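Because the structure is predicted, anything quoted here is derived from the model rather than measured. Values below: all heavy atoms of this structure, side chains included; hydrogens, waters and symmetry mates excluded. Each chain gets a letter, A, B and so on, in the order the sequences are listed, and its residues count up from 1.
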Number of protein chains: 6
Amino acid sequence: MDDKASGPVLCFGEVLLRLAVPVGGRLANVSNLAGHVGGSEANVGAVLAQLGHEVDMITALPTSGMGDLCEGELRRTGIRTGNVLRADGRVGLYFHEPTPGPGRIIYDREHSVFAENADQFEWSALASTARWFHVSGINLALGGKPAEATLAAAEAMLAAGVPISFDVNHRTSLWEGRSAEEADRVKTLVGMATLLFASPQDISRVLGKNFADDRRAATEAAFATFERLETIASTRRSNDGDGQRLSARVDQRSSSHETEPARLGQAIDRIGSGDAFAGAVIDGLLRKLAPEECAKQGLAAAVMKHAIAGDRWIGTRAELQEFDPFDAGDVRR
Amino acid sequence: MDDKASGPVLCFGEVLLRLAVPVGGRLANVSNLAGHVGGSEANVGAVLAQLGHEVDMITALPTSGMGDLCEGELRRTGIRTGNVLRADGRVGLYFHEPTPGPGRIIYDREHSVFAENADQFEWSALASTARWFHVSGINLALGGKPAEATLAAAEAMLAAGVPISFDVNHRTSLWEGRSAEEADRVKTLVGMATLLFASPQDISRVLGKNFADDRRAATEAAFATFERLETIASTRRSNDGDGQRLSARVDQRSSSHETEPARLGQAIDRIGSGDAFAGAVIDGLLRKLAPEECAKQGLAAAVMKHAIAGDRWIGTRAELQEFDPFDAGDVRR
Amino acid sequence: MDDKASGPVLCFGEVLLRLAVPVGGRLANVSNLAGHVGGSEANVGAVLAQLGHEVDMITALPTSGMGDLCEGELRRTGIRTGNVLRADGRVGLYFHEPTPGPGRIIYDREHSVFAENADQFEWSALASTARWFHVSGINLALGGKPAEATLAAAEAMLAAGVPISFDVNHRTSLWEGRSAEEADRVKTLVGMATLLFASPQDISRVLGKNFADDRRAATEAAFATFERLETIASTRRSNDGDGQRLSARVDQRSSSHETEPARLGQAIDRIGSGDAFAGAVIDGLLRKLAPEECAKQGLAAAVMKHAIAGDRWIGTRAELQEFDPFDAGDVRR
Amino acid sequence: MDDKASGPVLCFGEVLLRLAVPVGGRLANVSNLAGHVGGSEANVGAVLAQLGHEVDMITALPTSGMGDLCEGELRRTGIRTGNVLRADGRVGLYFHEPTPGPGRIIYDREHSVFAENADQFEWSALASTARWFHVSGINLALGGKPAEATLAAAEAMLAAGVPISFDVNHRTSLWEGRSAEEADRVKTLVGMATLLFASPQDISRVLGKNFADDRRAATEAAFATFERLETIASTRRSNDGDGQRLSARVDQRSSSHETEPARLGQAIDRIGSGDAFAGAVIDGLLRKLAPEECAKQGLAAAVMKHAIAGDRWIGTRAELQEFDPFDAGDVRR
Amino acid sequence: MDDKASGPVLCFGEVLLRLAVPVGGRLANVSNLAGHVGGSEANVGAVLAQLGHEVDMITALPTSGMGDLCEGELRRTGIRTGNVLRADGRVGLYFHEPTPGPGRIIYDREHSVFAENADQFEWSALASTARWFHVSGINLALGGKPAEATLAAAEAMLAAGVPISFDVNHRTSLWEGRSAEEADRVKTLVGMATLLFASPQDISRVLGKNFADDRRAATEAAFATFERLETIASTRRSNDGDGQRLSARVDQRSSSHETEPARLGQAIDRIGSGDAFAGAVIDGLLRKLAPEECAKQGLAAAVMKHAIAGDRWIGTRAELQEFDPFDAGDVRR
Amino acid sequence: MDDKASGPVLCFGEVLLRLAVPVGGRLANVSNLAGHVGGSEANVGAVLAQLGHEVDMITALPTSGMGDLCEGELRRTGIRTGNVLRADGRVGLYFHEPTPGPGRIIYDREHSVFAENADQFEWSALASTARWFHVSGINLALGGKPAEATLAAAEAMLAAGVPISFDVNHRTSLWEGRSAEEADRVKTLVGMATLLFASPQDISRVLGKNFADDRRAATEAAFATFERLETIASTRRSNDGDGQRLSARVDQRSSSHETEPARLGQAIDRIGSGDAFAGAVIDGLLRKLAPEECAKQGLAAAVMKHAIAGDRWIGTRAELQEFDPFDAGDVRR
């Protein structure tokens, strides 16, 4: 499916600043917040850049020092920022409270410079040199310019023959109050994608039919509906009484592969683990790995991410290949 | 049992400053100590104030900045401090070493301004407007003025028809060297209480009879002995090889309700979890909840507290009601 | 001028969360931000509450944990929060970069829950029990509901005979793009105030005449124009080559008092020093101190504030009275 | 075997500075590193000194502040430093990344002042007053002067009748590229030791025969080969799906004792746990404890160490004796 | 005066734990306290031990981890702790607020294990091997056992021919409420000392005559009154409008030497600077330096201390000799 | 002199990791070290990259996470790292103790991966596209491969017509023990440079003649000796009793411009201020600014750097142009 062997992977989406309450604290008594640069598409791009791919981030950031912070962090992970738009405005924020329970996110991302400038990109020019295009459903949930620009971008990519990966990334709080037309855009985009990241619940929402937890029925229905779709990938989080476990699955039209569930142990930060999975799966497809290898590599990246604070997987290809999510092992020295 | 629908809940006890060694450290090599304001009765008061009750703290604090720190923290959680006595002296301290093992507390609370001024309160005036009175056995273990004042206070409350909740809160190190007369005060106070927080071991000590782990036998014996007693509440910590679990129980004369044990996962700070339980149970009784609802709400508060650093539960009624101690769930966003 | 000897001082304005880059850092490379609750009127209220006055904050805060943080901090300093409105929305933020140079503030306060709900207060009811009303020009610079509500509030106060203090608090970046009508509201409010905090530059802007640095000419012109005005107070920051100095001045119709300039030494945090000054001057007037005493006490609070991190002066009346801004002294032990 | 009842325990080896990435961080994005003084033999010495033994560290440290740091930390734990050599040069470093997985160590210890000065000690003089000599295989893995000096030291100890304990402490990365002659030194040293710390894998390497996990076969073969050997001690780390467990074993010629596996719970820092075990076992032998007591005490020290950040066990004899690795218990207060 | 060329310098006094509010904070809003081990005599001992002298600390510490912390820190600086008494009880504390102004200390040192066990030392045995004895007036200000033991110790030293240095170290808050007899002990001890650390104000208090700032008149009167006295040393802090300066002075019977005042620049922590001065002067006398060299070296140590956080000077003899308090210089690399 | 208007600025030198003791600490008692990526040429490159120039770093870094850290930080500031060589080995380190006095650096940079691989670059290929080449005398002080490669690089640049800037950057400790031939390389390189950063002392060392503080005599002698030299730039640090001041000077063959000395106020981190100056001067020359503008801009960057922790200036062109080193100003908001 990937006919171009060169050119950048384009990631289009909002870059957010996470402000995180330390473990044990609550927003109500916080005195220090850790800052982490994130955003789903940027997190995927960071995995790909660290694995050696050329990655271009398409986003808008403020002209202020907040924009410098975000752009510098993109560059640090190896993402190219030559197409980042800088404009007056605010950066999208989210506050993260780790406890009690699994944690809580409070978004403060409205009126961001991205939301107000997402229509400023020249998609046909960008598409002309691109190797791959990645986007998530968060853009659609934001409505307005981000949603419209995402559809325009995808059309330009299709026109230029650039494969599209789409991560549904459903966020309930962002979709509240959106219209049916807005929700339909998700289906439109699934129809344009070659690679889809979606759970059975996501597919159920898109197709308007409840597949409950029958993962193969869901993916088969999706393949039947969307002809461009070649691969559907997802993770599954389970809790068997002795702690959290994570498994990964990659479905293609004629095959499906699911890993064993790996124990997550003491998860330090689960935010961005889905993006780490997505990045590693895309890397696998770009490198023509077999689907079971993609699932395995995706699981490794996602499990590793749980041990890394911040929104992004940090590592090298050698570390990703060495890491065995099923073996606790001993200190390497 | 609660005929007054308004007026403050009075909490009487010492406010302490915890100085906590960071995780992984020991007192022997510490270079920074985290300060947390606590004290059993203040912790109970903080739960009630955050849940919307009017709460008055009756305590004594130094005139120094140490007193400002403690009084400010009481106010922050919504507790009223108009009846706090400020006098020259020292604040009671305790040092907390989290590891190895379950942790260790070193008290440095003798000669505190509370111990030396606990006899300075006008209990009949305070009782005249109060809705509820809460106190713990720590006051009795301190002996001297705190113990005597606690009995005087309880008598004034009985005279004014104010219901009393009493948390036995046995602390072995504080009771060392106390006389039999001093120990008898616990029994006296149990006899004055409407609501008792006590484990079977506590009841065994009070009644001089060993109930081992037979919780219903213990509570029935207590109900038989103490006629004012309407409710006995307690938690039970167990360890089944796969980590700590906590269950909650509420006994009344004609019923008893015990929750399933909930997994505690990675407990960040267990100090104050009994106080969180007590506060949530008192709230339930003040709101005329059924005893099983009180147990369930108490368990939720106690489990939540394990994930919060510091002596106090921090949250809102909405969070308390949403929190399901039996479901790890996913990040809410 | 203050005929009421009791009742709360009302402070009306936005409560902001400052997110501060540590000393030596820049936004572009920050990984941790210190959170400080502030806002000009809340800072003034905090001084007054700590000095023993009854203070009511009139503001709107989010229903989220961010609102809990801000409301808790108000209570910690002794401010009453019974009239704080909680509603869905965001809290106003500002980012502070301490260096290089004197520091830089990046506002991210648009669309805040205060800006969108400032019209929700019942001013005549609030005025009926108030002793004093304090507000700053920032409300006017925000335009829309905050500006309109400020005028409505001031009118209700005048009608109820409540004295008004007004701190012009000019912020260039907030006034950018405002209309002439909006700017005229400053003049309107000066005309309603008994006590004005304003520099000669502020008065020049209001009267449309340049008084340069002639402080007495400016205040005399202001007294001539605004008949309700009884007192004008201000500080002056100078830099004589050997570090910053601060002096304080209080003008009344028939007198003017200016302190010597005090050395600021190593200023840790100058934000909020004007509010500390204002709070201490209002306290002086409420206590019928002579104007030179008001100036002296205001200077002491402002100089003390430079040594305290965060937006608010923290102290007691005893400390304020002991503090001599002209004597470095030795450690008190 | 220990005929001398007094005189110092000599520990010979390199003192290293660990620079540790905080939990959740990676070297690639670290901004702060925690410094911990360590080194296998110094860690063993620290246990013995804290348990009341006279301990002399034989090492070389830089004349710089780095040397002051290391020497001060040795003294803090009670180790005598009168025989520490100070010379120009660098201290050996290692960087520790705690995650993902079980962690990773990057050594930066070449060309250290120890490696270049390990031949500067007068072993016969030191042996003349010594009670015991402890050393690890790391010295041998360093090759050159440390390896040669270790053999010279051991010979001097044998000549003076000082018992030798030897911890094989195999570090794969340090042995890379060493010659067969260098590897043979391990066998030579095992032949000089009274007490050996070695896993079946270690014994397999030394004897050139694979004992797999048959611990008794391995120790019997070692006893058969090395006539001076009286005791072989080791720990075993297992992972039964519900978290890590650790057991301890002490073999003598006619007996072998192995503890149950104890759960490690949330391990904060496992580095140095083998040294804590070794120190506690040596203490047991010096005090003529039965082998099963040595195993039990060694396990307690090793489990406690997992909860302590830094390379060294920190505690007192009372704490070591109280600690029950099989009981999670409750906060002691 | 120092006939013994060997044997330990004995320092007798309380070891305290400082709990320090961070710069910019106030006790009222502190959440973290830095711990620093101190105590005037221990600070002097730390200077001497780091400069190579044998130093024995005579004090009492708790058996708890707090005692381990203090004893470990003494050892870290090279002080011997073989004569430290460990007993049940509490360690003396003091809280330090750095700002506003020059800072404020709140003592919480009553009922300490030192205050209750200061009479437990065998002074004639200790005196028999000592080279020097150092003590401060704080012991006398504590009254009771510390004061009585100090006099008993000094008498034993005189009997054994051990020279005594005495630092008056007047602390107003500690002397409040002491009787005239208690105050007279200061004079008694001055009469037993060979070396006195005292300002003109101290001498005025002792002799009951006001020398104001006439330093030579004060020292001449002291020499005239106290026949054992050979040397009087002191520092003087001045503030000439451009920041703090410090000068040092050493008076002997026939000479007096005073350095120029050195600029203190940005003083990080002035606590313990007097002790650093005292330690360096004692070192000079032990090494038979000329008085002007003693003054110069004492000034260097005191100025260096202002740049070091915590109660103790940290350095080496080489650093002390290289340091020029009158030259800001450039980074040494 | 700069005929090429495009192509990268090449910076050739070692990238170091600074491990910094916090303010108030000493290496002897440090428990946390801040990590800052630096190195003189990389610092200059960071200024140029932030000001919008294309910058290529030519250096060698380890394959380990330490290399990832350094390379990521270069990218963060906008420097291209496509020509960075990654190889097995260690990164050069230096430890920084900020106090007492002006601070002290302890190098631990021997045997670094740069020192061992500095000969691996293809200079003629690199020169063919370069616009400018910057290097410092530190490379020469390292001797061996770095020194030889620096000369080879400079020759390739001359051959390709690429202008060279050379910062003498004398470091006494690095030159200790170097031969006369090695020292002569400095003179050789000065002879190849178009732009020289050198103090009169540097020029005195190069020309073997003492110019003391006569800056014009020194630069005139240098221009007379070295025909390629067009510009000599330097800063001067002075201390007039009221704190440090810094001035900047740019000499050309027919003119010389020196700024007034600017007060440094509270300098947070002076390391790298010379590199900030150099970067801003090179930017000025690349943009054909007049020499007095270069001096002014260089001074602004150097003064700003004193307020920024870490080795690098952080800012934008707008900030550099706005910053007035002679005006303390007020908070910008």
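- Ranking D:E319, D:E71, D:R75, D:Q50 against chain E, the residue ahead of the rest is D:R75, based on heavy-atom pairs under 4.5 Å.
- Electrostatic pairing of E:D108 and E:R90 counts as a salt bridge here, judged by a charged N lying under 4.0 Å from a carboxylate O.
- In terms of heavy-atom proximity, E:H36 sits nearest to E:A309 at CE1-C, 4.1 Å.
- A salt bridge does not link D:R131 with D:D56: every distance from a Lys NZ or Arg NE/NH1/NH2 to an Asp or Glu carboxylate oxygen is 4.0 Å or more.
- The contact between D:T316 and chain E is made entirely by side chain atoms (from C-beta outward), counting heavy-atom distances below 4.5 Å.
- A salt bridge between D:R76 and E:E73 is absent, with no side-chain N of the basic residue lying under 4.0 Å from a carboxylate O of the acidic one.
- Of the listed residues E:G65, E:A318, E:G315, E:G78, the one with more heavy-atom pairs under 4.5 angstrom with chain D than any other is E:G78.
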